[in-house]
Amino acid sequence: MARADVAVIGGGLAGLSCGVALAERGASVFVAAKGMAATHWTHGGLDVAAPSGATTAREGVARLAKDRSHPFGRLAPVMPSALDEHVTRLADAGLPYVGGLDTPLKPIPTAIGTLRPAGTLPIGQAALLEPWRGVGLLLVGFRRYRDAWPGLAAGNLRARRWPDGPARIEAIEVELPELAELHNLNALTLARHFDDPTWRRRALRAIADAIPPGAWRLGVPAVLGLADHRAALDEATAAFGAPPFEMVSVPPSVPGLRVYEALRRRLVKAGGRLQWGFPVVEVERDGDRITAIHTEGASRTLRIPADAFVLATGGIAGGGIRGAPDGTLIERVFGLPVAAPPRDAWFGDDPLTAAPLDGAGIATDDELRPADGPRNVRVIGSALSGMRYLDERCGDGVAIASAHRVAAALAGAGASVRQEASA
């Protein structure tokens, strides 16, 4: 029987970060993840906080923290240390980030030709934080790779207002070597090819030969290696004469997978355990405490007793909160009450903006315990109520800050967690 001081439910950025921090503080940790998390489909950067009008992430956090019902109303003081801990953790894994809380938020291009604000990016996208200074933007696509649309993106970007942006915007398509027989290339296939040093040199040469004359900053599909990303990026910089940047399109996100794998390895190294691919199907209770969860298994369910439980299953988008046939919202693991707008206000009038429903979540006290629920449960990440993470671009910030806060609160686990759980 598996037993843990703390069981974390959810294997996304919040859940894995919390699991790692707990394990490295000496706790026995079990992370149960039902499937692919947001790390597998987001851009790999850190959206700490970028509400409309904010010029830096620090300013964004401060603005959002003025609303005590927003997660940053409780988490703003730990955001700097949480961010430092997170980027140090990834740098140790060979995935350094550039920028931070005081880096000016800059408009950066997306794969469909829109602009989004960013101030903290992985090294493979860091060139986007540099001033353009008359340099052009050249978007690169690969033949038969259908998940990048450089021509569409270039056309959309040319039509947008982009202050202090590139001098010009163009697109090219390149035939990569030895892939003519593969008619349905995906991001993982290409990333694994870029991990091969011999093939990588030929591919980078093909791209370099296709670059038209002029001063360019290259945007390439986000496939520059999965296991050997730094070498691929360094060789691409040498081949092109300047650092390129990766543009993420549809899932799976290779930059996100790099983050997931780095956190997974660190969790295991610290002694944590991870079960991936099976949902929680049963919960054991004793009064106002959770005593164990059961997850699906190949032949029978796995029972996981623990002294404390961390809910990191996400909100509406992550599947942690679901709609019932009667129109109510349900938190799927513990059945916690969901705070949400009235049903007739779930959706807005503009189909291109986030619906008010994305603010649905679990209301908590200052220690991130559910306001109405078991006392040995903590809630982190986008399962928390009170934020509009799509509009406010604060999902990553809340994820790592809440993970940091809960791990610190449960630090030393063992006896201290057991004492809290029975309180």
Side-chain angles (χ1 to χ4, degrees), residues 5-10 12-15 17-19 21-22 25 27 29 48-49 51 57-86 101 287-290 306-315 320-321 331 333-341 358-389 392 394-413 415-423:
D5 295 324
V6 184
V8 180
I9 306 161
L13 181 61
S17 296
C18 189
L22 282 164
R25 286 168 168 84
V29 179
V48 174
R58 190 184 299 275
E59 180 185 339
V61 170
R63 287 191 183 192
L64 295 174
K66 292 178 181 178
D67 178 1
R68 279 291 297 166
S69 66
H70 194 283
F72 276 135
R74 297 174 291 263
L75 297 172
V78 305
M79 189 67 251
S81 56
L83 182 61
D84 287 346
E85 182 179 68
H86 182 71
L101 289 175
D288 64 352
R289 296 178 58 243
I290 304 297
D307 298 301
F309 297 81
V310 178
L311 186 71
T313 51
I321 296 172
E331 186 277 302
V333 175
F334 299 122
L336 301 175
V338 177
D358 77 342
I362 311 303
T364 69
D365 64 15
D366 286 348
E367 299 303 318
L368 303 186
R369 299 183 185 92
D372 183 11
R375 303 311 294 161
N376 63 332
V377 170
R378 307 285 183 121
V379 183
I380 62 175
S382 56
L384 291 165
S385 68
M387 61 176 166
R388 299 289 304 280
Y389 56 87
E392 297 163 352
C394 64
D396 299 326
V398 168
I400 60 178
S402 57
H404 179 87
R405 173 74 172 271
V406 164
L410 299 180
S416 64
V417 173
R418 286 190 286 273
Q419 183 177 6
E420 176 184 290
S422 60

Considering all heavy atoms of both residues, which atom of [X] and which atom of [Y] are nearest to each other, and what is their separation?
X: Val61; Y: Ala76; result: CG1-CB, 3.7 Å
X: Ser402; Y: Gly381; result: OG-N, 2.9 Å
X: Pro71; Y: Gly386; result: CD-C, 3.9 Å
X: Leu410; Y: Val310; result: CD1-CG2, 4.3 Å
X: Ala49; Y: Gly60; result: CB-C, 3.7 Å
X: Ala82; Y: Ile400; result: CB-O, 3.6 Å

How long is the gap from [atom1] on [X] to [atom2] on [Y], to the nearest 0.5 Å?
X: Leu311; Y: Cys18; atom1: CG; atom2: SG; answer: 11.0 Å
X: Asp372; Y: Thr364; atom1: CG; atom2: OG1; answer: 12.5 Å
X: Leu368; Y: Ile380; atom1: CG; atom2: CD1; answer: 8.5 Å
X: Ile362; Y: Phe334; atom1: CD1; atom2: CZ; answer: 10.5 Å
X: Ile290; Y: Asp307; atom1: CD1; atom2: CG; answer: 13.0 Å
X: Asp5; Y: Leu22; atom1: CG; atom2: CG; answer: 9.0 Å

- Message: Working note: Leu384 + Val398, criterion side chain to side chain contact (heavy atoms under 4.5 Å, CB included); need CA distance, chi angles, decisive distance, verdict.
- Response: CA-CA 9 Å; Leu384 291 165; Val398 168; 4.0 Å; yes
- Item | Within residues 400-409 or reaching into it, pairs that qualify as salt bridge (charged side-chain N to carboxylate O under 4.0 Å, His left out) - sequence neighbours excluded | Glu367-Arg405
Flag the pair [X] / [Y] as yes when at least one side-chain heavy-atom distance between them is below 4.5 Å, and no otherwise.
X: Arg388; Y: Pro51; value: no
X: Arg74; Y: Arg68; value: yes
X: Cys394; Y: Val48; value: no
X: Glu392; Y: Leu64; value: yes

- Quick one: list whatever passes side-chain hydrogen bond (donor to acceptor under 3.5 Å, both in side chains) with Glu85, sequence neighbours left out.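 side-chain hydrogen bond (donor to acceptor under 3.5 Å, both in side chains) check on Glu85 returns Arg25, Arg89, His404.
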- Task: Spell out, as yes or no, whether a donor-acceptor pair under 3.5 Å connects the side chain of Ser81 to the backbone of Val78.
- Result: yes
- More than 12 foreign heavy atoms under 6.0 Å from CG of Asp84: is that the case here?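 Yes, CG of Asp84 has more than 12 neighbouring heavy atoms, counting only those of other groups under 6.0 Å.
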- Task: Taking ring pair (Phe, Tyr, Trp, His ring centres under 6.0 Å) as the test, write out the residues that go with His70, two or more places apart.
- Result: Phe72
- Could you tell me whether Asp365 and Arg378 make a salt bridge, using a distance below 4.0 angstrom between a side-chain N and a carboxylate O? no
- Item | Audit row: Ser382, Met387, side chain to side chain contact (heavy atoms under 4.5 Å, CB included) steps and yes/no | CA-CA 8 Å; Ser382 56; Met387 61 176 166; 4.0 Å; yes
